[in-house]
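Lettering of chains follows the sequences in order, A, B, ..., and the numbering in each one begins at 1. The analysis underlying the following values was restricted to heavy atoms, covering all of them including side chains, and did not include hydrogens, waters or symmetry mates.
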2 protein chains.
Amino acid sequence: MSAPPASARNDKSDVVAAAMRVLAENGLPGLSMRRIADELDVQVSALYWHFPNKQSLLAAVSAQIVGSGEADAGDLTALAVSLRDRLLAHQDGAEVVSSSLALGLLELPARADLVRAAGELGLDAVPAEVAADTFVHYVIGYTFHEQQRLHAAVAGAADDSVDLVPDRVNEREGDFEAGLAMVVAGARISASVSDR
Amino acid sequence: MSAPPASARNDKSDVVAAAMRVLAENGLPGLSMRRIADELDVQVSALYWHFPNKQSLLAAVSAQIVGSGEADAGDLTALAVSLRDRLLAHQDGAEVVSSSLALGLLELPARADLVRAAGELGLDAVPAEVAADTFVHYVIGYTFHEQQRLHAAVAGAADDSVDLVPDRVNEREGDFEAGLAMVVAGARISASVSDR
DNA sequence: ACCTGAACACCGTTCAAGT
DNA sequence: ACCTGAACACCGTTCAAGT
């Protein structure tokens, strides 16, 4: 719709935008440099003028996915739910973000808020960081797993060999929140224990 | 050492063993069907007689990595630590296992024990499963992140452009256990709350 | 500042054919 | 039962050269 004429030259943000479109339509397995180049009507090699390699492009995509903080920055649960919502809003969002994070190419905007919120529970600096990372691992791990389950379901629907009990499919509705509540409870306890 | 003569034919377990060797030496990025075939002195296409595709081979590798339960099956912490040790014992173990798990191609032997241990804390069937999965997500998420940090460190040492503060490198020693303790505390609380 | 064109060294998967 | 040989449709990355 708002795609620029093919004659226009592109900058970094155009490349990221094209990558987001390819991700939305093809998922992470389909997010190749060639497809991104095609989306921009450009040769693959052109992408390497903007980014030194694919991972750094993926890091820029990840930054866009996790966005900048919006949730109530004082509430651990709200922060975690909001992070999860951002991941769920994009195909394979959790996997993309997970790898960028692990490679140290992405600063998670919500992490600082999580550390602060954990601190307000009464945790010292180091335990608050540990708590924040525990939250992040839980949220990303859970969402990653869930999004891959979607893939498997789609693939299973395409061929026949699968017979996934459909009555259990949306039975997991509140499982994320339940597990999250458990982790929050753990953080509270740690705080009150170190208190005395 | 105990490699069979190149003339011998292979079965599934030979293929998995070769894949484990390739994984140990080259990591997940180097674990290609061609390298596995080379390791067996065989054409790539031969692998497809044993496994329908790469993912199912990876699932067999994953099953080998997570092994069969050995730890004290009644202790949540011991189970989680033991799972983590198995993942750490293999290059990119967490990533390999994570994808097989998410695709539903791997049954985690420790999961049943985790559910049981959570039940013994006083949790009902469904909350015990949620607790078990929360543990699994934490362990895999944490270890995955840690193993990718290793990659980044190795890659960073190879080129120069990296300057990762070395004084923080092994400062994380007890962070896994600390986060784990938090999650365990959360499970305990959930149990005692639903108790009354 | 941004892109082309061509090449290099790889991938996973399929399939007819062999023993 | 297990493997070969050849092909297909892809990959990420590099580099000299163009405008």
Separation of B:R35 atom CZ from C:dA9 atom P, in whole Å? 15 Å
Tell me the partner of D:dA9, counting only Watson-Crick (N1-N3 plus N6-O4 or O6-N4) or G-U wobble (N1-O2 and O6-N3) with both under 3.5 Å; none if nothing fits. none
Quick one: does NZ or CZ of A:R84 land under 6.0 Å from the six-membered ring centre of A:F176, within 45 degrees of the ring axis? yes
What's the gap between C:dA17 and D:dC2 when it is taken at their P atoms, as a whole Å value? 22 Å
Can you measure from CG (A:D92) to CG (A:L87) and round to the nearest 0.5 angstrom? 11.0 Å
CD of A:E95 to CD of A:Q148, rounded to nearest 0.5 Å, is 5.0 Å
D:dA1 phosphate, OP1 or OP2, under 4.0 Å from B:H50 side-chain N/O: no
Here the gap from A:Q91 atom CD to A:E25 atom CD, rounded to the nearest 0.5 Å, amounts to 10.0 Å
Any chance you could measure A:F135, atom CZ, to A:T77, atom OG1, to the nearest 0.5 Å? 6.5 Å
Apart from A:W49 itself, its cluster of hydrophobic side chains linked below 4.5 Å comprises none
Rounded interatomic separation in angstrom, taking CG from A:D41 and C1' from C:dC2: 15 Å
Watson-Crick or G-U counterpart of D:dA16, or none if no pair lies under 3.5 Å: C:dT4
Per-nucleotide protein contact string for nucleotides 12-19 of chain D (B base, S sugar-phosphate only, - none; heavy atom under 4.0 Å): BBBB----
Considering only heavy side-chain atoms of B:W49, the closest of D:dC3, C:dA1, C:dT4 is D:dC3
Examine C:dC3: is either OP1 or OP2 under 4.0 Å from a nitrogen or oxygen in the side chain of A:N10? Give yes or no. yes
Between D:dC10 and C:dA9, how far apart are the P atoms? Round to whole Å, please. 22 Å
Measuring only the C1' atom in each nucleotide, how far is C:dC11 from D:dC8? A whole number of Å is fine. 12 Å
Is the distance from OP1 or OP2 of D:dC3 to the nearest side-chain N or O of B:Q43 less than 4.0 Å? no
Nearest-Å distance once atom C1' is located in both D:dA16 and C:dC3: 13 Å
Applying side-chain contact (heavy atoms from CB on, under 4.5 Å), run through A:L31 and A:N26 and close with a yes or a no. CA-CA 7 Å; A:L31 187 59; A:N26 305 96; over 6 Å; no
